Amino acid sequence: MSEELKQQRLNKLEQLRAAGVDPYGAKFTRRTAAADCSENFREGRAVRVAGRVFSLRGHGKSVFADLRDATGRIQLYFRRDRLGEGENLLLQCLDRGDFIGAGGKLFHTRTGEVTVQVEEARMLSKSLLPLPEKWHGLKDRETRYRRRYLDLLVNEESREVFQARGRAIRVIRRFLEERGYVEVETPMLQSLAGGAAARPFRTRYEALDTDVFLRIAPELFLKRLLVGGYEKVFELNRNFRNEGLSRFHNPEFTMLEVYEAFGDARTMMELVGELIVAAAREVGGGLVRGEGEGAIDLTPPWREVRYRELVMERAGGDWFEISDEGRRARAESFGLEIPPEWGEIEITREVFEKTIEKTLRAPTFVTRLPAGLVPLAKPCADDPDSADVFELIIGGLEIAPGYTELNDPLEQLRRFQVQAAGDLERIDEDFLTALEHGMPPAGGMGVGIDRLVMILTGAAAVRDVILFPQLKPRKE
RNA sequence: GCCUCCGUAGCUCAAUUGGCAGAGCAGCGGACUCUUAAUCCGUUGGUUGUAGGUUCGAUUCCUACCGGAGGUACCA
C-alpha cells in the first residue's frame with residue numbers, strides 16, 4: 001500500500017529528472033528565516049525561504065503552501081499564470097513533506113497572514129513517504145519512539161519537551177561554570193565498572209585482547225581528579241547500566257556528577273537545590289509542576305529528614321529496637337517479600353524503597369543513610385553507622401544523591417573488601433593508590449538528568465525525554 | 001524474566017452475538033485566482049502484527065511467537 005504511495009512520488013521524481021531538475025538539489029543561499037519574515041515584515045520585502053512543505057491548498061490557478069523551517073512557519077502563495085515553467089512543474093510534482101526553496105516578496109493576505117508571493121522556487125529534496133496526518137498527528141507510541149523524526153515533525157509537544165531538555169542542560173552547565181566548576185570527560189570504557197552497584201555492559205577491546213566495561217558511573221575517575229588538584233569539577237554525560245527497561249529506566253542515561261574539594265554533603269545539598277531551581281526557571285512554567293494530587297512544588301526550602309525517622313514513621317517507632325524476625329514479619333505485613341538471610345539494613349532498605357520513596361512527592365532530602373549502603377561516603381562524625389549523605393527525592397523518584405566523600409584510603413579498602421565479598425579482582429587498586437596519595441575532603445553529588453527533565457516537563461516516562469530511547473529490535 | 005492490556009489502509013479510528021472489513025485525513029482524477037483542517041464532484045488503497053488451531057464461516061474464540069503500553073522483578 002505504501003508502495004503505491006511511494007510509486008506515485010517516484011513518478012514525480014522522474015518527471016523532475018526528465019526536465020533536468022535535480023530533486024535533491026544543491027544548497028540554498030541567502031536564506032531568510034521563517035520567523036524573520038513575520039518579525040521584520042515590510043510590504044514588498046524580498047525574501048528567500050527554505051523548508052519543508054507541511055500543507056498544500058490548491059485553489060484554481062493559485063496554490064497556498066505552508067513552509068516550515070527551524071524557526072517557524074511561513075505561508076507561500078503561488079500564482080500559476082505568473083510563474084515560469086520550472087515553478088509550474090514544481091507545483092505539479094509537489095507533495096506534502098518535500099523540501100523546497102522559494103524567493104519572492106512579502107505581503108499580507110486578505111486575512112492578514114504574512115505570505116511570500118513566490119517568484120521563483122525549486123525542489124530541494126523530494127520526500128518519497130507520506131508525513132503522518134496533520135490533524136490527529138502521530139499517536140502510536142512505538143512509531144513515535146522508533147521514528148522520532150516523525151514525532152518531532154508533527155507533534156509540537158514533543159518538540160517542546162526536547163527544547164526544554166536542551167535548555168535545562170545548557171543552564172546547568174552555565175550555572176556550574178559561573179561558580180567555577182570545570183567540566184571534564186573521563187573514560188566510558190573501563191576495565192572495572194566502579195562507582196555504583198549495577199550490572200555493566202561488557203564489550204571486547206580487540207587490540208588489547210581484553211574485555212572492557214561501559215561505565216556505570218564516572219565517580220572513581222572524578223575523585224582521581226580531586227587527587228590531581230582539581231577543586232571544583234563536574235562531568236555531564238552518559239552512564240550505561242545493563243538492566244531492565246521501565247518507565248523510569250533507560251540503559252543509557254545522562255548523569256551529572258559534581259565534586260568540590262574542601263566541601264561536604266551540605267555543600268552539595270545547597271548546590272543541587274539552587275541548580276534544580278535554576279533549571280526549572282529556565283524551562284519555564286513556574287516552580288509548581290503539574291496539578292492537583294500529582295503536583296510538585298519546587299519552591300525552596302525543601303524538606304530535610306533523616307532516613308531513620310522516615311522509616312520509623314512508616315514502620316513504627318520501635319522499628320530499630322525489635323528483632324530481625326519482628327522486622328521481617330512487619331515488612332511482610334506491608335506486602336513485601338523478605339529473603340530469610342536479610343538483616344536490619346536490607347529489610348529497612350526494602351521498606352524504604354518500596355513503601356516510602358514513592359510517597360515523597362515534594363522535594364525531600366533524605367539524610368543519614370546506613371553507612372553499609374554507601375561504601376564511597378564518609379560516616380557522620382557523631383555516628384559511625386550513618387553515612388553523611390543525602391538522597392534527594394522528587395515526585396517519588398531518586399533524583400540526586402550527595403555525599404561527604406570518603407577520603408580515607410584504609411577505610412575505603414576495607415569497604416571494598418566487604419563489598420567484593422572475596423572477589424578481590426573487582427577491587428579498583430588504582431583508585432585506592434590515588435587515595436593513598438591523598439584526596440582532599442570533598443562533597444560530591446550526582447543528578448539524574450533524564451528524571452529531572454521528566455519532572456520539569458511533566459513527562460510520564462523517561463522514553464519521552466530521550467530522543468531515541470532503547471526499544472527491542474524490530475524483527476520483520 | 002513474570003502478569004495484564006493492546007496491535008485493523010500511509011496517519012487517526014470504526015466494525016452488533018462469530019456472518020460481505022468501513023470512515024475521516026493523505027493520495028489519485030476533475031472544478032475553483034486571497035486559502036488556513038479550504039470547498040465541491042469522482043476514485044484507488046487491506047495477507048486485520050506473524051504462524052497455527054476451532055468453525056460452514058474468525059478482525060472477533062483458542063495456542064505460540066513478534067512488537068508496544070502498564071505493572072512487577074533486576075537496579076547504591
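In this text, all values refer to a predicted model and were calculated from it rather than measured experimentally. Excluded from the calculations below are hydrogen atoms, water molecules and symmetry mates; all remaining heavy atoms, backbone and side chain alike, are included. Each chain gets a letter, A, B and so on, in the order the sequences are listed, and its residues count up from 1.
Counting to the nearest Å, the P atom of G27(B) and the CD atom of E4(A) are 13 Å from each other. Note: CD (E3(A)) to P (C28(B)) measures 16 Å, nearest angstrom. A straight line from CG of L129(A) to P of A9(B) spans 16 Å, rounded to a whole angstrom. Counting to the nearest Å, the C1' atom of C28(B) and the CZ atom of R9(A) are 12 Å from each other. The distance from atom NZ of K139(A) to atom P of C25(B) is 16 Å, rounded to the nearest whole Å. Atom-to-atom, CD of Q92(A) to P of C28(B) comes out at 11 Å; the value is rounded to the nearest Å.
With both ends at atom C1', the span from C11(B) to C3(B) equals 32 Å, rounded to whole Å. Annotation: U44(B) and G29(B) have their P atoms spaced 15 Å apart (nearest Å). Nucleotides U16(B) and C6(B), compared at atom P, are 15 Å apart to the nearest Å. Separating the C1' atom of A58(B) from that of A73(B) is a span of 37 Å, rounded to the nearest Å. Comparing the C1' positions of U72(B) and U55(B) gives a spacing of 38 Å, expressed to the nearest Å. Taking the C1' atoms as reference points, A9(B) lies 15 Å from U43(B), given to the whole Å. For the P atoms, the distance from C66(B) to A21(B) is 30 Å, rounded to whole Å. Comparing the P positions of A15(B) and U39(B) gives a spacing of 26 Å, expressed to the nearest Å.
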*Going 5' to 3' along nucleotides 68-75 of chain B, which nucleotides have protein heavy atoms under 4.0 Å from the base (write B), which only from the sugar-phosphate (write S), and which from neither (write -)?*
SSSS-BBB
_Using a 4.0 Å heavy-atom cut-off to protein, can you give one letter per nucleotide of nucleotides 32-41 of chain B, 5' to 3': B if the base is in contact, S if only the sugar-phosphate is, - if neither?_
BBBBBBB---
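Identified under the salt bridge (Lys or Arg N to Asp or Glu O under 4.0 Å) test for residues 372-395 of chain A, with sequence neighbours left out: R368(A)-D382(A).
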Could you tabulate the donor-acceptor pairs under 3.5 Å formed by side-chain atoms of residues 335-342 of chain A, not counting sequence neighbours?
none

Kindly list each side-chain donor-acceptor pair under 3.5 angstrom involving residues 216-226 of chain A, sequence neighbours excluded, with atom names and distances?
from, atom 1, to, atom 2, distance (Å)
E219(A), OE2, K223(A), NZ, 2.9
K223(A), NZ, L376(A), O, 3.3
K223(A), NZ, E405(A), OE1, 2.7
R224(A), NE, D430(A), OD2, 3.0
R224(A), NH1, L220(A), O, 3.1
R224(A), NH2, D428(A), OD1, 3.3
R224(A), NH2, D428(A), OD2, 3.4
R224(A), NH2, D430(A), OD2, 2.9

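Applying the Watson-Crick and G-U wobble criteria (two distances, each under 3.5 Å), C75(B) pairs with nothing in any strand. In this structure, G24(B) and C11(B) make a Watson-Crick or G-U wobble pair, each of the two defining distances being under 3.5 angstrom. The partner of U63(B) is A51(B), by the rule that a Watson-Crick or G-U pair needs both atom distances under 3.5 Å. Under the Watson-Crick or G-U wobble criterion, with both distances below 3.5 Å, U4(B) is paired with A69(B). U17(B) makes up no base pair with any nucleotide shown, lacking Watson-Crick or G-U wobble contacts both under 3.5 Å. Pairing of A37(B), defined by two Watson-Crick or G-U wobble distances under 3.5 Å, is not identified with any nucleotide.
Note on P375(A): a base of the nucleic acid sits closer than 4.0 angstrom, heavy atoms only. Contact annotation for L138(A): backbone-only contact, meaning every heavy-atom pair under 4.0 Å involves sugar-phosphate atoms and none involves a base. Nucleic acid contact class of G137(A) (heavy atoms, under 4.0 Å, all strands): sugar-phosphate only.
Side-chain contact check for R57(A) and Q75(A): at least one donor-acceptor pair (N or O, by modelled atom type) lies under 3.5 Å. A donor-acceptor pair shorter than 3.5 Å can be found between the side chains of T186(A) and E235(A). Using modelled atom types and a 3.5 Å distance limit, the side chains of H59(A) and S62(A) yield no donor-acceptor pair.
Comparing K12(A) and G195(A) against RNA chain B, the residue whose closest nucleotide sits nearer the 5' end is K12(A).
For the side chain to side chain donor-acceptor pair (under 3.5 Å) test with R415(A), the passing option among E411(A), Q417(A), Q412(A) is E411(A); the others fail.
Heavy-atom neighbours of R147(A) CZ from other residues, nucleotides or ligands within 6.0 Å: at or below the threshold of 12. Within 6.0 Å of the CZ atom in R159(A), the count of heavy atoms belonging to other residues, nucleotides or ligands exceeds 12.
Between F352(A) and Y307(A), a ring centre-to-centre spacing shorter than 6.0 Å is recorded.
Under the ring pair (Phe, Tyr, Trp, His ring centres under 6.0 Å) criterion, F213(A) pairs with no residue, sequence neighbours left out.
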